[in-house]
Amino acid sequence: MATSGRVSMPAAPLLAQPPANTRLRQGGAARPALARLVAAARPKRTLGFVSVRCGGVEGAEAVRSKVEAVPRSVPVRVAYELQQAGHRYLDVRTEGEFSAGHPEGAVNIPYMHKTGSGMTKNTHFIEQVSRIFGKDDEIIIGCQSGKRSLMAATELSSAGFTAVTDIAGGFSSWRENGLPINQ
């Protein structure tokens, strides 16, 4: 029989405008769609602490693991400093985008592939990353603008990669900041 529990956690993963079907009340109780909020959120600012009601210890652990799966996101200049300090750069853009120019030392494993009707998720992404990177390797992840890299970083964190950092702004911002690239 499940018992009701209450968990307090930092609210950094919450967006300024949560999805329409999620209601946040003063005092911090979040109701439906917390998992979707956490999965879709890009941490930008801390809103304090949020209290979540969930079923027993198992429910509390499930919520805590969802929140912990959201990777940190850093500006490109910080990402460059991390790369200089030994973090490895994973570029998740398509092969065509990568061949048109990429940060020096980057490894390309596309998170999505171009298809005739748009983009399709690379179903072997985790497997391909696992062949090149260890679960404890320090990885910075970039794409073109920052959206795919955040999705990839979140998925890698959920898969057990422990030192994943998303690059806010992606390769566009990297190039705009005059950071080293290979053509």
Side-chain angles (χ1 to χ4, degrees), residues 10-19 36-47 66-183:
L14 300 177
L15 294 171
Q17 296 178 346
R36 188 172 51 218
L37 244 180
V38 171
R42 169 176 253 160
K44 292 217 181 218
R45 59 183 166 181
T46 300
L47 302 173
K66 289 270 187 220
V67 171
E68 289 171 359
V70 177
R72 72 179 177 146
S73 195
V74 298
V76 292
R77 291 206 171 268
V78 174
Y80 177 68
E81 291 172 15
L82 290 173
Q83 186 184 30
Q84 296 303 299
H87 287 58
R88 295 175 63 199
Y89 192 116
L90 172 59
D91 191 320
V92 297
R93 296 177 299 151
T94 64
E95 291 170 0
E97 290 171 313
F98 184 80
S99 64
H102 56 271
E104 288 182 356
V107 173
N108 181 229
I109 302 173
Y111 183 70
M112 301 187 94
H113 295 291
K114 283 194 177 193
T115 62
S117 60
M119 301 282 268
T120 304
K121 178 158 177 342
N122 175 1
T123 56
H124 303 289
F125 179 72
I126 297 293
E127 173 188 324
Q128 292 169 343
V129 171
S130 295
R131 282 192 217 127
I132 297 172
F133 297 94
K135 297 266 184 174
D136 295 324
D137 286 355
E138 295 172 319
I139 308 169
I140 52 175
I141 303 176
C143 64
Q144 190 64 31
S145 66
K147 291 182 175 121
R148 283 176 284 175
S149 63
L150 181 62
M151 291 187 292
T154 301
E155 188 171 326
L156 288 170
S157 291
S158 294
F161 285 81
T162 60
V164 174
T165 303
D166 171 57
I167 302 172
F171 183 67
S172 296
S173 186
W174 186 278
R175 185 185 299 256
E176 287 170 10
N177 278 271
L179 298 173
I181 60 172
N182 289 342
Q183 293 287 1

To the nearest 0.5 Å, what is the distance between NE2 on His113 and OG1 on Thr123? 7.0 Å

For residues Pro180 and Tyr80, report the shortest heavy-atom separation together with the two atoms involved. CD-CE1, 3.5 Å

Looking at Gln144, is its backbone amide N or carbonyl O close enough to the side chain of Ser172 to form a donor-acceptor pair, meaning the two atoms are under 3.5 Å apart? yes

Treating Asp91 as the side-chain partner and Arg93 as the backbone partner, does any N or O pair qualify as donor plus acceptor under 3.5 Å? yes

Can you check whether Thr162's main-chain N or O pairs, donor with acceptor, with Asp136's side chain at less than 3.5 Å? no

State, with a plain yes or no, whether a side-chain heavy atom of Tyr89 is found less than 4.5 Å away from one of Ile140. yes

Output for pair (Met151 CE, Phe125 CZ), nearest 0.5 Å, gives 10.0 Å

Under 3.5 Å: donor-acceptor pair, side chain of Ser173, backbone of Gly170: no

How many angstroms lie between CZ in Phe161 and CD in Glu155, if you round to the nearest 0.5 Å? 10.0 Å

Could you measure the distance from the CG atom of Leu90 to the CD atom of Gln128? Nearest 0.5 Å is fine. 10.5 Å

Side-chain (Arg77) to main-chain (Asn177) donor-acceptor, under 3.5 angstrom: yes

Measure from the side-chain N and O atoms of Glu97 to the backbone N and O of Thr94, and report whether any donor-acceptor pair falls under 3.5 Å. yes

Take a 6.0 Å sphere around NZ of Lys114 and say whether it holds more than 12 heavy atoms from other residues, nucleotides or ligands. no

